[in-house]
Amino acid sequence: MRAPRPIRHVGALDAARDGSTFDHDRWPGTLAPVRQLLGAGLDLDRMTILVGDNGAGKSTVVEAIAMAYGLGAEGGSTGAMHATRHSESVLGDHLRLVRDPGAVRNGTFLRAETMHGFFTYLEQNPGGRPEPVFHERSHGESFLDFVMDRSTWPGLWILDEPESALSFSGCLALIGLMQDILADSRTQILLSTHSPILASFPGATIHEVGDWGIRRSDYDDLDLVRNWRAFLASPERYLRHLG
């Protein structure tokens with residue numbers, strides 16, 4: 001029997017909790033993935049990966065899902081109050097999350113671009129247990145330390161472009177940690193990435209995000225994978241056109 005998922009489906013609310021309606025003519029409503037998310041919705045599996053180019057909308061989508069789940073836009077676990085400059089969209093206020101009955105309600109949102117401020121928040125607001133001093137580690141080491149420290153916490157994990165903190169070996173280490181996390185059947189992961197390494201996670205459901213919206217794809221069919229393979233096979237073909 002399948003364990004209940006924290007999020008089974010993401011769809012649209014008829015109206016936001018404050019009664020407002022979503023403006024489809026202003027960003028992020030002008031993004032094709034956002035229009036599709038609010039129209040057709042999106043099913044989430046135990047391991048769901050979103051890939052796409054810069055500006056395609058994948059981080060906007062995962063941020064909004066995190067906020068609709070009750071997580072802070074700048075990252076953290078359930079109940080964290082870390083916030084500096086509010087730059088998030090209103091999309092999260094207009095999403096309806098369908099959960100499986102009995103699913104764990106805890107969650108963790110980690111995005112590489114806000115790690116420094118979030119780790120400062122943790123130092124200034126210590127919990128009831130000791131944890132690593134993340135600022136004493138490198139960018140990538142602190143990211144992996146955080147995931148490892150909380151790897152036994154069940155619930156929803158959302159990671160936004162973690163590869164920006166990680167080397168090649170760090171990406172492989174993160175795959176191993178995510179496999180450990182998913183060993184708990186109550187856990188679910190949503191990952192946004194540019195990395196062909198992270199996108200290769202075994203058994204993941206992959207969606208490619210772009211001007212077409214959101215489409216399910218096999219790993220070998222991703223533009224991300226084809227472009228990296230072509231570049232590594234002949235980098236001079238790309239570099240001679242620069243400058």
Side-chain angles (χ1 to χ4, degrees), residues 26-37 42 47-66 73-75 84-85 87-89 91 109-119 134-135 137-144 146-147 158-178 189-202 204-243:
R26 297 182 60 185
W27 184 90
T30 54
L31 296 172
V34 171
R35 292 197 300 269
Q36 182 173 336
L37 184 67
L42 179 67
M47 179 68 184
T48 304
I49 299 177
L50 302 183
V51 303
D53 209 347
N54 291 329
K58 61 186 183 304
S59 290
T60 300
V61 168
V62 298
E63 175 190 83
I65 293 173
E74 295 183 41
T84 55
R85 181 182 182 276
S87 59
E88 60 271 14
S89 75
L91 178 59
F109 182 29
L110 191 54
R111 52 194 327 179
E113 65 179 289
T114 58
M115 280 176 51
H116 187 277
F118 174 58
F119 291 158
F134 297 108
H135 281 314
R137 305 280 278 166
S138 73
H139 192 199
E141 288 173 327
S142 62
F143 193 101
L144 293 172
F146 178 88
V147 176
I158 300 179
L159 295 91
D160 183 25
E161 300 181 3
E163 69 275 4
S164 61
L166 301 174
S167 65
F168 178 88
S169 59
C171 286
L172 292 176
L174 180 59
I175 288 178
L177 288 172
M178 290 191 294
I189 298 177
L190 173 61
L191 169 69
S192 162
T193 186
H194 293 124
S195 169
I197 302 172
L198 297 182
S200 71
F201 190 95
T205 296
I206 307 173
H207 296 278
E208 195 167 24
V209 178
D211 292 340
W212 52 83
I214 304 172
R215 65 188 179 200
R216 186 162 177 172
S217 178
D218 293 329
Y219 179 78
D220 289 330
D221 295 331
L222 295 172
D223 287 343
L224 168 75
V225 173
R226 288 199 297 260
N227 290 339
W228 269 108
R229 284 174 172 164
F231 176 81
L232 292 173
S234 183
E236 66 277 1
R237 290 174 50 203
Y238 294 82
L239 298 177
R240 69 188 177 200
H241 298 294
L242 302 179

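Since the structure is predicted, the reported quantities are computational estimates derived from the model, not experimental observations. Hydrogens, waters and symmetry mates are skipped; everything else that's a heavy atom, side chains included, is used.
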Could you check Val62, Leu110, Ile189 and say which one makes a side chain to side chain contact (heavy atoms under 4.5 Å, CB included) with Ile158?
Val62
For Glu63 and Arg111, which heavy atoms make the closest approach, and how far apart are they?
OE2-NH1, 2.9 Å
What's the spacing between Trp228 CH2 and Ser195 OG if we round to 0.5 Å?
8.5 Å
Gap between atom OG of Ser217 and atom CD1 of Ile206 - 0.5 Å precision
6.5 Å
Filter on salt bridge (Lys or Arg N to Asp or Glu O under 4.0 Å), then keep only pairs touching residues 48-61, sequence neighbours left out; what's left?
Lys58-Glu161
Of all heavy-atom pairs between Thr60 and Pro28, which one has the smallest distance, and what is that distance?
CG2-CB, 3.9 Å
Can you check whether Gly210's main-chain N or O pairs, donor with acceptor, with Arg215's side chain at less than 3.5 Å?
no
Do other residues, nucleotides or ligands put more than 12 heavy atoms under 6.0 Å from Asp221 CG?
yes
Might you work through the side chain to side chain contact (heavy atoms under 4.5 Å, CB included) test for Val61 and Val209, ending with a clear yes or no?
CA-CA 10 Å; Val61 168; Val209 178; 5.9 Å; no
What's the shortest heavy-atom distance between Ala204 and Ile49, and which atoms?
CB-CD1, 3.6 Å
Nearest 0.5 Å please: distance from the CG atom of Leu50 over to the CG atom of Leu190.
5.5 Å
Show the nearest heavy-atom pair for residues Tyr238 and Phe231, with the distance to one decimal.
CE1-CA, 3.5 Å
Measure from the side-chain N and O atoms of Tyr219 to the backbone N and O of Phe201, and report whether any donor-acceptor pair falls under 3.5 Å.
no
Which donor-acceptor pairs under 3.5 Å do side chains of residues 30-37 form with protein atoms, sequence neighbours excluded?
unit_1, atom_1, unit_2, atom_2, d
Arg35, NH1, Thr30, O, 2.6
Gln36, OE1, Ile214, N, 2.7
Gln36, NE2, Ile214, O, 2.7

Specify the closest pair of heavy atoms between Phe109 and Ala66, including all atoms of both residues, with the distance to one decimal.
CD2-CB, 3.6 Å
Applying side chain to side chain contact (heavy atoms under 4.5 Å, CB included), run through Glu163 and Ile197 and close with a yes or a no.
CA-CA 9 Å; Glu163 69 275 4; Ile197 302 172; over 6 Å; no
Can you tell me how far apart CZ (Arg229) and CG (Asn227) are? Round to the nearest 0.5 Å.
11.5 Å
Can you tell me how far the CG atom of Leu191 sits from the CE atom of Met47, to the nearest 0.5 Å?
5.0 Å
Shortest non-hydrogen contact between Ala199 and Val51, atoms and distance:
CB-CG1, 4.1 Å
Leu159 side, atom CG; Phe143 side, atom CZ - distance, nearest 0.5 Å:
5.0 Å
Determine, step by step, whether Ile175 and Ser200 satisfy the side chain to side chain contact (heavy atoms under 4.5 Å, CB included) criterion, reporting the C-alpha distance in whole Å, the side-chain angles of both residues, the deciding distance to 0.1 Å, and the verdict.
CA-CA 9 Å; Ile175 288 178; Ser200 71; 4.2 Å; yes
